[in-house]
Amino acid sequence: MRRVNAESQRVTQTGGPAPWSTSGTEPHAGRAAQAHTAPAPAPAAPAGPAGPSTGTGTGAVLRRLAVPAGMLAAVVGAFAYVGAVDPNQPGHYPVCPLLRLTGVYCPGCGGLRSAHAFVHGDIAAALTDNALAVAGYVVFAAVWAFWVIRVVRGRPARLDLGPVHLWSVGALVLVFTVVRNLPFGGWLHP
């Protein structure tokens, strides 16, 4: 039987053969009163490449900024492509399958046209094409800035969104989708 003493973190073996015994024939092996101690567990290893870097030098900061910079590069590349290839011209992008099959606008309908207008600085047209997408662009920019500031300071970039926050976002998307498909929500059509 093994017992762990919480104060000293020592594991003790009581009763039965000694832990190093191969036959269990030691004269004191069956005595419950005799306790054998095992070595204490080794201390935890420091965080490796997967763990957070706590360095304060320029190289450590640049390594920590690699993922946010990569994410920004991917988003800028996507926006540059949509800005260069006009989604208002037929044949460049596929049609929304939900819109084609049912005639119902999904929450993303007009998102590419909105991104195209946003890249060209036409915020009014971007809001007309997909107001929820424009709100998403602003939220992305704020979250990305928060992420970069936390990374530069060497702190973990965590957003603890609880169920209330996630349900609220889902409800907002649902209301947006329903309203844009009702007759009085024509101003939200792409």
Side-chain angles (χ1 to χ4, degrees), residues 47-54 59-190:
S53 174
T54 58
V61 171
L62 290 176
R63 277 191 303 276
R64 290 193 307 258
L65 283 174
V67 175
M71 176 70 73
L72 182 64
V75 170
V76 167
F79 269 83
Y81 181 79
V82 172
V85 180
D86 190 1
N88 293 308
Q89 301 299 321
H92 292 293
Y93 299 99
V95 178
C96 173
L98 183 68
L99 181 62
R100 175 171 277 184
L101 295 174
T102 65
V104 174
Y105 294 110
C106 77
C109 281
L112 289 174
R113 289 185 292 257
S114 173
H116 181 79
F118 193 83
V119 166
H120 290 278
D122 191 357
I123 304 302
L127 286 168
T128 301
D129 289 330
N130 193 325
L132 190 62
V134 174
Y137 309 151
V138 173
V139 168
F140 173 80
V143 169
W144 187 85
F146 169 79
W147 184 17
V148 167
I149 290 168
R150 297 288 290 190
V151 164
V152 167
R153 292 181 179 171
R155 297 184 180 151
R158 294 183 57 184
L159 285 177
D160 292 328
L161 298 177
V164 171
H165 299 105
L166 299 175
W167 280 103
S168 298
V169 169
L172 175 71
V173 170
L174 181 65
V175 167
F176 175 76
T177 305
V178 169
V179 169
R180 80 186 311 200
N181 285 291
L182 293 175
F184 65 85
W187 56 280
L188 289 174
H189 289 178

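Side chains are part of it too, since the values below use all heavy atoms of this structure and drop only hydrogens, waters and symmetry mates.
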**Q** With rounding to the nearest 0.5 angstrom, report the CG to OH distance, Leu182 to Tyr105.
**A**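 So the gap between those two atoms works out to 12.5 Å.
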**Q** Is Thr102 reaching over with its side chain to a backbone N or O of Leu98, donor-acceptor style, under 3.5 angstrom?
**A**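 Yes; at least one donor-acceptor contact below 3.5 Å.
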**Q** Taking all non-hydrogen atoms of both residues, which atom of His92 and which atom of Asp86 are closest, and how far apart?
**A**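 Result for this residue pair: CD2-O, 3.4 Å.
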**Q** Calculate, to the nearest 0.5 Å, the distance between atoms CZ and CG belonging to Phe176 and Asn181 respectively.
**A**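 Those atoms lie 9.5 Å apart.
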**Q** What donor-acceptor contacts under 3.5 angstrom involve side-chain atoms of residues 130-140, with partners at least two apart or in another chain?
**A**
unit_1: Asn130; atom_1: OD1; unit_2: Leu132; atom_2: N; d: 3.1
unit_1: Asn130; atom_1: OD1; unit_2: Ala133; atom_2: N; d: 3.0
unit_1: Asn130; atom_1: ND2; unit_2: Pro107; atom_2: O; d: 2.9
unit_1: Asn130; atom_1: ND2; unit_2: Cys109; atom_2: O; d: 3.1
unit_1: Tyr137; atom_1: OH; unit_2: Gly111; atom_2: O; d: 3.2
unit_1: Tyr137; atom_1: OH; unit_2: Ala115; atom_2: N; d: 3.2

**Q** Sequence neighbours left out, what passes ring pair (Phe, Tyr, Trp, His ring centres under 6.0 Å) with His120? Give chain and number order.
**A**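 For His120 the ring pair (Phe, Tyr, Trp, His ring centres under 6.0 Å) partners, ignoring immediate neighbours, are His116.
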**Q** Could you go through Trp147 and Val67, starting from their C-alpha distance and side-chain angles, then the distance that decides it, and tell me whether this counts as side chain to side chain contact (heavy atoms under 4.5 Å, CB included)?
**A** CA-CA 10 Å; Trp147 184 17; Val67 175; 3.6 Å; yes
**Q** I'd like to know if the side chain of Asp122 and the backbone of Ala117 have a donor-acceptor N/O pair within less than 3.5 Å.
**A**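 No; judged by distance alone, with no hydrogens or angles, the pair does not exist.
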**Q** Ignoring hydrogens, what is the shortest heavy-atom contact between Val85 and Tyr93? Give both atom names and the distance.
**A**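 Closest approach of Val85 to Tyr93: O-OH, 3.0 Å.
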**Q** If you take all heavy atoms of Leu65 and Val148, which pair is closest and at what distance?
**A**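 The pair with the smallest heavy-atom distance is CD2-CG1, 4.0 Å.
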**Q** Nearest heavy-atom pair of Arg64 and Val151: which atoms, and what distance?
**A**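 Of all heavy-atom pairs spanning Arg64 and Val151, the closest is NE-O, 2.9 Å.
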